[in-house]
Amino acid sequence: MSKSKDSEKTEDSARVVIFDTTLRDGEQSPGASMNLEEKMRIAGVLEEMGVDVIEAGFPIASDGDFEAVHQIARTVTESVVCGLARATRADIERCAEAIKPAKRGRIHTFISTSALHMKYKLQLEPDAVHEAVIDSVSRARGFTDDVEWSCEDGSRTDHDFMCRCVESAIKAGARTINIPDTVGYALPGEFAAIIEMLINRVPNIDKAVLSVHCHNDLGLAVANSLAAVRAGARQVECTINGLGERAGNAAMEEIVMALRTRHDTMPYTTGVNSRDITKASRLVATITGFVVQPNKAIVGANAFAHESGIHQDGVLKHAGTYEIMTPESVGLKKSTLVLGKHSGRHAFKEKLKDLGYTLGDNAVQDAFKRFKDLADKKKEIFDEDIIALVDDEVVRTNDRVHLVDLEILCGTKHRPPKAELSLEIDGQIKSCKSTGDGPVDAAFNCIKELFPTKARLQLYQVHAVTEGTDAQAEVTVRLAEEGKTVNGQSADTDTMVASVKAYVNALNKLLVKREKSAPAALSA
Ligand code: KIV
Ligand code: ZN
């Protein structure tokens with residue numbers, strides 16, 4: 001009988017470690033790159049929500065990645081801070097340096113073990129890979145007790161070879177053994193069988209925590225992760241909103257809520273406070289510009305909406321008729337009318353606290369001024385408006401380029417649309433006029449004339465923060481220049497102003513990225 005059967009579980013052995021890789025695997029999604037400030041904000045939210053391990057980046061990949069892991073290691077105290085390293089001396093030493101300031105730091109080292117990857121990607125014989133496993137884990141153990149080892153492409157790895165590598169990795173000092181379904185190929189029964197096989201065949205498996213890292217190419221990342229937990233895995237690697245390479249990773253919010261909601265049949269717990277899920281989801285979506293689809297489980301805009309009359313009637317009579325979880329359990333609060341034109345600074349400050357923001361006096365002062373401006377334009381101000389307004393403020397610090405003035409002429413009588421724009425660039429005001437296919441194109445042409453770059457516009461996206469025609473428009477602009485991608489955001493009741501500010505924000509981020517230009521990122 002497998003040692004993993006539910007009946008054998010004690011209270012403690014039912015605890016599932018949540019390892020968040022939004023800042024590493026998540027950031028590897030094309031277009032999802034984040035700057036240091038943004039990564040620090042996300043890390044803060046992850047720590048606050050009770051995530052056990054934060055994989056903060058891949059330190060050897062770039063100076064920016066190193067800096068992010070290093071800074072997060074300096075500031076996060078409640079979660080373990082982890083960095084990724086290939087099985088090379090340089091990777092491991094760079095990773096060790098990055099996590100050095102952490103109260104609890106982890107090195108996560110990996111190498112491919114499938115026949116396909118060993119032959120074509122690594123061009124190494126299995127014996128050489130096995131040697132590299134022992135060397136890399138031993139080297140990492142020289143820097144920290146907390147070493148995780150992963151067999152990349154684990155789900156397509158020969159079982160005998162996997163057992164041999166896992167046993168050696170544990171002997172060399174790995175305390176966590178991670179089995180990735182790197183290409184999202186596995187099916188739940190099959191993936192669970194790998195975990196059971198390891199538990200039954202690797203003699204020292206009880207000396208390590210078994211972990212899983214599932215990609216979502218077949219839409220099975222969460223199902224595979226849960227099947228693995230039932231089979232004995234006790235760490236799940238996941239990301240907020242399921243961000244990650246290609247189709248993404250297992251979505252943390254789905255793992256946490258599935259374990260919570262189906263505790264009757266999945267008697268496992270996590271340390272994550274589910275009420276922080278909505279906040280984390282919105283923050284990651286805002287920063288990356290990866291909007292969550294409306295019907296996405298747990299965090300989609302429609303996840304708790306009941307449209308059909310029959311459902312609405314049922315929910316009114318008893319919420320349990322059509323709701324298996326409450327909106328409150330994921331931190332979704334009813335959109336409440338919060339503040340108005342006459343609200344004072346104190347009420348505003350209290351509201352910020354309530355929404356989870358801890359801002360310094362100057363930042364509160366700036367945000368309050370912007371709130372008053374908004375209240376002049378928009379009668380009703382909701383939580384979402386305050387969130388958009390503060391996020392907009394936070395992303396703007398240290399900018400080199402600022403919007404000063406914008407005028408647009410468009411509509412049926414004004415063909416082609418014309419834009420007149422002034423920017424402050426490094427303290428100097430510059431102005432120009434331009435035309436375009438539409439008003440956005442005309443305005444963006446002005447920016448390109450005033451601040452020429454090779455950047456290509458990859459994404460232009462608008463969404464309304466709240467209902468109503470007076471809603472703020474939240475705009476995301478993604479720019480790409482020589483392999484560097486950045487997302488700019490802004491919100492304003494005027495869609496054109498938000499669009500230009502989002503472009504300018506992306507430009508500012510690009511300038512920072514250019515300055516920090518480092519060797520091209522390495523693939524994990
Ligand atoms: O998908 C994968 O195999 C990975 C490893 C580096 C864990 O991301
Ligand atoms: Zn991955």
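Throughout, numbering of the chain's residues begins at 1 and tracks the sequence. When a ligand or atom number is given, it counts from 1 through the structure's own listing order.
By the 4.0 Å N-to-carboxylate-O rule, E55 lies too far from R106 to be salt-bridged with it. Ion pairing of R24 with D65 is absent here, as no side-chain N (NZ or NE/NH1/NH2) approaches a carboxylate O to less than 4.0 Å. A salt bridge links E167 to K171: at least one charged side-chain nitrogen sits closer than 4.0 Å to a carboxylate oxygen. Salt bridge present: D52 and R15 bring a charged side-chain N and a carboxylate O closer than 4.0 Å. Checked for salt-bridge contact, D153 and R156 meet the test: a charged N lies under 4.0 Å from a carboxylate O. Note on E328 versus R275: no salt bridge recorded, every NZ/NE/NH1/NH2 to OD/OE distance being 4.0 Å or above. A salt bridge links R141 with D145: the distance from a Lys NZ or Arg NE/NH1/NH2 to an Asp or Glu carboxylate oxygen falls below 4.0 Å.
Ligand-side atoms of ligand 1 in range of D25: 8 (O), range being under 4.0 angstrom from any heavy atom. Interface of E152 with ligand 1, defined as ligand atoms under 4.0 Å from a residue heavy atom, comprises 3 (O). Near H215, meaning under 4.0 Å from any of its heavy atoms, are these atoms of ligand 1: 1 (O).
When non-hydrogen atoms are compared, ligand 1 lies under 4.0 Å from the side chain of R24 (C-beta onward) but not from its backbone.
The aromatic rings of F66 and H70 lie parallel to each other, their planes meeting at an angle below 30°, with 60° marking the opposite boundary.
Distances under 2.8 Å from the Zn ion (ligand 2) pick out the protein N/O/S atoms D25 OD2, H213 NE2, H215 NE2.
No side-chain donor from either of N508 and R400 sits under 3.5 Å from a side-chain acceptor of the other.
Checked by distance only, ligand 1 and H213 come closer than 3.5 Å through their nitrogen or oxygen atoms. Inclusion of T182 in the set of residues having an N or O under 3.5 Å from an N or O of ligand 1 is warranted.
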